Amino acid sequence: MATETEVVAPVSNGGGKGCCKYGGPGYATPLAAMSGPSEKLIYVTAVYTGTGIDKPDYLATVDVDPSSPSYSSVIHRLPMPFVGDELHHSGWNSCSSCHGDASADRRYLVLPSLISGRIYAIDTKENPRAPSLYKYVDPKEIADKTGLAFPHTAHCLATGEILVSCLGDEEGNAKGNGFLLLDSDFNIKNRWEKPGHSPLYGYDFWYQPRHKTMISTSWGAPKAFSKGFNLQHVADGLYGSHLHVYSWPGGEMKQLIDLGPTGLLPLEIRFLHDPSKDTGFVGSALSSNMIRFFKNSDETWSHEVVISVKPLKVENWILPEMPGLITDFLISLDDRFIYFVNWLHGDIRQYNIEDPKNPVLTGQIWVGGLLQKGSPVNAVGEDGNTFQFEVPQIKGNSLRGGPQMIQLSLDGKRLYATNSLFSAWDRQFYPEIMEKGSHIIQIDVDTEKGGLTINPDFFVDFGDEPDGPSLAHEMRYPGGDCTSDIWI
C-alpha cells in the first residue's frame, strides 16, 4: 500500500487573478487570522420553511459583543422576498483565498436556498448591522442552463468566482447533482466539473490548491432527505458513502473513495487550514465516525477512521440503538483542535489533533440531545441500568434539540452552537423546536489544556421572534471564519 507523502507542493496562486500581493479580504495565513479582532456580530440563517408559519426565511444579525447593551440578542432581521426557501448554509463572495488581490472585497454573503433553489447575495458592507438584499439567482435559470438544483455549500475562489455544490436535479434525483460556477456578480457561468465527472451524491466540498485537489462528500437524493429520514432509503441506495476526489481547478474526478459502512452519510469536510498540508477530516453522520483522508506518495488518496462514536442502546426510541449523528465539525485555525457535535446524543467534543492520526479527547459537554434528563428516552448501560445526561439550563432556559451547526472564534476561545439541522428532520427527531424555536449558545474553550464550559450569560432564543419561533442554522462572522475561508 502506498504511504503518505511528505512532499509539499510549491506555493501556487490557485489560478487566481493577481494573488501575488496583499491587500485583499481576510488574512495572509490561518495563524494571522487567529490574531484578528474578536467577533462582534454573527449572521445566522433563520428558517420558517417547514414550521407551519407562512413567513419567509430571514437572515438574523446577532450581537455577540459582551460590551454592547444588545449583547446576546437579535438586532436585525432581513426577510427573503419569497416563502419556502429553506435557507441553510452560507458562504462569501470573497475570502482569504483572495487576500493577495487588492481589488477583491468580502461584501456579499451567499445564501443558497436548499429547497427553492434560489441563491441570494446579501450586501453586508453598506451596513454590517443591517444587511440588505443585493440580488438573487433564479432557480429556473440555474436548472435551464445547468440542470442543477438544491444548492447547498458556497465557497469563494481565488479567481473571484463562487462555487456552489448542488445536490440534485429539479426532480430531486441525485444523479443530476454537481457544481455551479457563478461569476463575481452572481451570473451563471456553467457547471464546474467536466462533463461525465459529476459526483454520485452532493453535499459539501473543500479545495486545497497546493495539492491541486478538491474533495466533495455525499448526503443523499433530495427526494429522499427532503421528506425526513427513512433508514430504508439508505438500503435503497438513496444516500451516499463516497468521497469524490477532483483535480483542481480542472474539474476531473480522479478518484472515487467508497467509505463503506464506516462512512455512511459523509457530510462536512475540511482540509487542515495550513495550505501545505495534504490531510483533513470528514464527518460520517450516520456511522458517527470522524474519518481522516490523506494523500499517498503516488498521488492517490486514502482514508482511515480515527474517532468512533459508539451507538448507545436505548429504550423508548424508534430504534434499539441510537447513533451520535455527527452533523457538523470544524478545525481551529492553528490546526490543533477539532470540534464536532453529536446531534442525537447531545454532546459537543473537542479533540487535540496535533497528531492527526491519533486524536485525543480533551473536552466534552452535553448541551441537549434526546438523552437529557427528563426525556422519555433512556440509554441502557452494559450493566443493564438506564441513564441520562445532565444538561444545564442557561439564563433559566432549558436547552432544546441537540447541538448542530457550530462556529469558532478566530482565536479559538469561543464556540457557538445552534440546534436546527433541517426542518423535515427537526420535525421528525425534535418536534419541540418546531414549537419553541431554536437557540444559540456559546461555549468557552480552554485552548491550553483543553476543555469546554458553557457561558452562562449568552443565550439567543429564536422562540421569541416577532413572527413566531424559527429554526437557526449556520453562523458567519462578517470578517470570515474557520469554515468559510480557504488559504492558497
Side-chain angles (χ1 to χ4, degrees), residues 1-17 19 91 95-98 100 146-148 151-167 174-183 188-219 240-259 263 266 268-282 291-303 485-488:
M1 176 180 169
T3 57
E4 288 179 75
T5 178
E6 297 298 326
V7 178
V8 175
V11 175
S12 158
N13 69 4
K17 55 176 185 179
C19 285
C95 68
S96 293
S97 64
C98 286
T146 67
L148 295 168
H152 187 271
T153 298
H155 274 304
C156 46
L157 307 187
T159 57
E161 298 163 312
I162 301 147
L163 190 61
V164 183
S165 63
C166 295
L167 309 195
K175 67 179 181 181
N177 84 93
F179 302 94
L180 172 67
L181 191 63
L182 303 173
D183 71 15
I188 297 169
K189 295 191 73 172
N190 45 49
R191 289 176 82 123
W192 170 77
E193 77 275 14
K194 293 284 190 282
H197 289 257
S198 295
L200 298 178
Y201 296 92
Y203 188 74
D204 196 20
F205 67 95
W206 198 278
Y207 61 91
Q208 197 80 319
R210 295 192 196 180
H211 295 281
K212 301 177 181 177
T213 296
M214 184 269 264
I215 303 179
S216 72
T217 62
S218 311
W219 188 7
S241 60
H242 291 81
L243 301 182
H244 313 87
V245 182
Y246 283 91
S247 62
W248 183 266
E252 296 179 2
M253 194 189 300
K254 295 294 190 180
Q255 189 178 350
L256 182 65
I257 300 175
D258 186 356
L259 302 176
E268 308 297 333
I269 186 168
R270 327 268 186 230
F271 272 92
L272 294 183
H273 295 290
D274 182 342
S276 71
K277 300 297 185 183
D278 58 2
T279 189
F281 298 87
V282 60
I291 297 168
R292 186 179 79 95
F293 58 86
F294 52 91
K295 189 164 72 169
N296 301 310
S297 57
D298 63 358
E299 300 295 309
T300 62
W301 295 78
S302 295
H303 72 281
D485 283 34
I486 293 176
W487 280 265
I488 63 171

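As a basis for the values below, the full set of heavy atoms in this structure was taken, side chains included, without hydrogen atoms, waters or symmetry mates. Note that the structure is a prediction, hence the values are computed from the model and not measured.
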Backbone of Phe293 reached by a side-chain donor or acceptor of Thr279 within 3.5 Å
yes

Side chain to side chain contact (heavy atoms under 4.5 Å, CB included) involving Asn190 - partner list, sequence neighbours excluded:
Leu181

Suppose we screen for ring pair (Phe, Tyr, Trp, His ring centres under 6.0 Å). Which residues come up paired with Phe281, at least two apart in sequence or across chains?
none

Sorted by chain and number, sequence neighbours left out, side-chain hydrogen bond (donor to acceptor under 3.5 Å, both in side chains) with Ser165 holds for none

Just to verify, what does Cys95 make a side chain to side chain contact (heavy atoms under 4.5 Å, CB included) with, not counting sequence neighbours?
Ser97, Arg106, Cys156, Asp485

Going by salt bridge (charged side-chain N to carboxylate O under 4.0 Å, His left out), name the residues that satisfy it together with Lys194, two or more places apart in sequence or in a different chain.
none

Residues in side chain to side chain contact (heavy atoms under 4.5 Å, CB included) contact with Ile486, at least two apart in sequence or another chain:
His155, Trp206, Tyr207

Trp192: what forms a ring pair (Phe, Tyr, Trp, His ring centres under 6.0 Å) with it, not counting sequence neighbours?
Phe179, Tyr246, Trp248

Who pairs with His152 by ring pair (Phe, Tyr, Trp, His ring centres under 6.0 Å), at least two apart in sequence or on another chain?
His88, His89, Tyr203

Calculate, to the nearest 0.5 Å, the distance between atoms SG and CD1 belonging to Cys98 and Ile488 respectively.
7.5 Å

Which atom names give the shortest non-hydrogen contact between Gly176 and Arg191, and what distance separates them?
O-NH2, 3.5 Å

My understanding is that only residues two or more places apart in sequence, or in another chain, count here; which of them pass ring pair (Phe, Tyr, Trp, His ring centres under 6.0 Å) with Tyr201?
none

Report the distance from atom NZ of Lys295 to atom NE2 of His211, rounding to the nearest 0.5 Å.
5.0 Å

Do Thr213 and Gln208 pair up side chain to side chain, a donor and an acceptor below 3.5 Å, judged on atom types alone?
no

Would you find a donor on one side and an acceptor on the other, under 3.5 Å apart, between the side chain of Asp298 and the backbone of Thr300?
yes

For Ser198 and Lys175, what are the C-alpha separation, side-chain angles and deciding distance, and is it a side-chain contact (heavy atoms from CB on, under 4.5 Å)?
CA-CA 8 Å; Ser198 295; Lys175 67 179 181 181; over 6 Å; no

State which residues pass side chain to side chain contact (heavy atoms under 4.5 Å, CB included) with Ile257; sequence neighbours excluded, sorted by chain then number.
Leu243, Val245, Gln255, Leu259, Trp301, His303

Going through the distances and angles, do Val164 and Thr153 end up as a side-chain contact (heavy atoms from CB on, under 4.5 Å)?
CA-CA 5 Å; Val164 183; Thr153 298; over 6 Å; no

Walk me through whether Lys277 and Phe271 qualify under side-chain contact (heavy atoms from CB on, under 4.5 Å).
CA-CA 8 Å; Lys277 300 297 185 183; Phe271 272 92; over 6 Å; no

State the CD1-CD1 distance between Ile269 and Ile215, to the nearest 0.5 angstrom.
5.0 Å

On a heavy-atom basis, which atom in Ser218 and which in Ser241 lie closest, and how many Å separate them?
CB-N, 4.1 Å

Please name all residues satisfying salt bridge (charged side-chain N to carboxylate O under 4.0 Å, His left out) with Lys212, sequence neighbours left out, ordered by chain then number.
none

Looking at NE2 of His244 and CG of Leu256, how far apart are the two atoms once the value is rounded to the nearest 0.5 Å?
5.5 Å

Sequence neighbours left out, what passes salt bridge (charged side-chain N to carboxylate O under 4.0 Å, His left out) with Arg270? Give chain and number order.
Asp204, Glu268, Asp328

Mind listing the closest non-hydrogen atom pair of Met253 and His197 along with its distance?
N-ND1, 2.8 Å

Heavy-atom pair of closest approach, residues Gly178 and Pro199
CA-CD, 4.1 Å

